[in-house]
Amino acid sequence: MAAPTIRVDVVSAEEQIYSGEAEFVVLPGIAGELGIYPRHTPLLTAIRPGAVRMRIPGQAEEEFVFVQGGYLEVQPHKVTVLADTAIRAKDLDEAAALDAKRAAEEARANKTTREEIATAEAELSAALAQLEAIRKLRNRA
Amino acid sequence: MAGSKEIRNKIRSVQSTRKITKAMEMVAASKMKKAQDRMRASRPYIEHLFDIAMHLAQANTEYRHPFLVPREAVRRVGAILVTTDKGLCGGMNTNILRLVLQRHKDWRAKGVDVDYVAIGNKGLGFLNRMGANVVASVVQMGDRPHVERLVGPVKTLLDKYVAGEVDEIVVFYTTFINTMKQEARSGRIAPVPRQFIRPSGEVVKADAKAGGWDYIYEPSAPELLDGVMRRYVETIVYQMLAENMASEQSARMVAMKAASDNAGKIISELQLIYNKTRQAAITKELAEIVGGAAAV
């Protein structure tokens, strides 16, 4: 018998990123990485920038989606990710992420007010998470 | 019969009108594509968000967000009206304003007061003429929906809701169905309704579940629900505006196409009349000359 699956929808305000069945999903929750199997108890949480990994039935490679933050709803048969921005793994660009990281670090060094620092740090953490996702992807390949 | 000079002037004036309507048609057609893409792109997001909001409305939580608690009696309603800034887009604004007027009468008949937030010039003008109570407004939004500009005015209404001055928040907007068809809709956004209507007219009901939904909240329910609810309202307003803009450009393109076609028809009719009068004048002149020659 095939392993049970859970429906995964990743949407951002700009587009529907991913929609399909998965055997297992890993998500970057605000309180730490979450691993979701089918029939998980209902859960609502914020997510931080990071990679969403999905194990797709009948597919050796895991599916990767990078999210910039947002909200996550888990129901026994469904996972919905409302991402602020989401990027498919294949669209991730290491050079662009490195540039973003450098820019964010510079911005943090130059900023003075607390608000500006907070913005810069948010940008930096997003860039770092993107790089992290790229590295994970590369290690597998 | 009108003189041929007047007819010629008339033809020229209709021709220049047609030039304008033709140009507007083409501008609208090019803007329409982008507006429609934008509106379509964010539809899945709002549907999922609505889904979650409807689940939350049924969830048993220790913390009840004001948006999730239905009020017992509705004494005052807050309405958000989305219209276009400019006219010349067919019956689109007329339809939505007719709906507003009808709902307004129903409310007044029940003794319910209404506070309006007007988004778009046409709606604001209409509400002012109607003598309605407008608490906030945004006009001149350009071609892209900007959430930042909407947040302030919408928040005035949300604050009133949370403070208990307003018991229900209703939105009026135009849904984009296809290029030829747009529909005026109204719907409640707070308290969060139990169903929501897709642009196709399909009704999506909240999946009722005995005992309601029980969630695990991370980090904590109040923080999370506030965030989700803020996102919910912002996204709805954004989507309404995106739908409105896509509808506006489509309606304008269709209206201007009809205007250009009509102008073309009028021109060819006038041309016929012009030819006839010219011919009649020539015939008359000839007859006069022949008559005069015969008399000599």
Side-chain angles (χ1 to χ4, degrees), chain A residues 6-20 22 25-37 39-50 52 65 67-88 91 115 118-119 122, chain B residues 34 37-63 65 68 144-148 206-209 211-239 241-242:
Chain A
I6 186 162
R7 177 161 192 85
V8 183
D9 286 300
V10 182
V11 289
S12 77
E14 285 94 36
E15 60 180 325
Q16 172 122 26
I17 303 290
Y18 180 85
S19 176
V25 196
V26 179
L27 304 127
I30 198 92
E33 289 246 300
L34 293 163
I36 310 283
Y37 276 106
R39 303 226 198 95
H40 192 281
T41 185
L43 165 79
L44 192 70
T45 183
I47 49 179
R48 60 186 167 71
V52 176
V65 174
V67 292
Q68 201 92 283
Y71 292 96
L72 161 74
E73 188 207 32
V74 180
Q75 288 172 32
H77 301 289
K78 206 167 102 186
V79 175
T80 309
V81 181
L82 295 173
D84 290 346
T85 44
I87 310 166
R88 276 182 212 89
D91 300 334
E115 202 173 308
T119 323
Chain B
K34 270 189 210 138
D37 287 347
R38 235 183 334 256
M39 176 260 331
R40 277 206 196 91
S42 48
R43 268 184 183 173
Y45 189 81
I46 184 95
E47 287 203 7
H48 283 110
L49 196 51
F50 234 111
D51 236 21
I52 293 177
M54 290 194 299
H55 291 155
L56 284 174
Q58 296 176 63
N60 303 317
T61 49
E62 64 278 28
Y63 170 76
H65 191 276
L68 302 173
R144 297 175 62 95
H146 291 286
V147 176
E148 314 86 73
D207 5 342
K209 193 178 160 206
W213 291 91
D214 274 314
Y215 281 108
I216 300 172
Y217 298 95
E218 270 181 26
S220 68
E223 211 175 303
L224 207 53
L225 287 182
D226 286 349
V228 172
M229 284 297 127
R230 193 181 328 116
R231 186 68 57 90
Y232 163 80
V233 170
E234 278 173 10
T235 313
I236 287 180
V237 173
Y238 172 89
Q239 184 64 19
L241 205 60

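Treat the numbers as computed from the prediction; the structure is a model and nothing was measured. Below, chains carry the letters A, B, ... as their sequence lines are ordered, and counting in each starts from 1. Values below: all heavy atoms of this structure, side chains included; hydrogens, waters and symmetry mates excluded.
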Say you draw a straight line from [atom1] of [X] to [atom2] of [Y]; how long is it, rounded to the nearest 0.5 Å?
X	Y	atom1	atom2	value
A:Thr45	B:Tyr217	OG1	OH	11.5 Å
A:Leu44	B:Leu224	CG	CG	4.5 Å
A:Lys78	B:Asp51	NZ	CG	4.5 Å
A:Leu82	B:Ile46	CG	CD1	10.0 Å
B:Ile52	A:Gln75	CD1	CD	8.0 Å

**Prompt:** What parts of residues 226-234 of chain B touch chain A if we use heavy atoms and a cut-off under 4.5 Å?
**Reply:**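 Answer by number: B:Gly227, B:Val228, B:Arg231.
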**Request:** Below 4.5 Å from any heavy atom of chain B, which atoms of A:Ser12 appear? Answer side chain, backbone, both or neither.
**Result:**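 Backbone of A:Ser12 only, per the 4.5 Å heavy-atom cut-off to chain B.
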**Item:** Stepwise side chain to side chain contact (heavy atoms under 4.5 Å, CB included) test for A:Gln16 and B:Glu47
**Value:** CA-CA 11 Å; A:Gln16 172 122 26; B:Glu47 287 203 7; over 6 Å; no
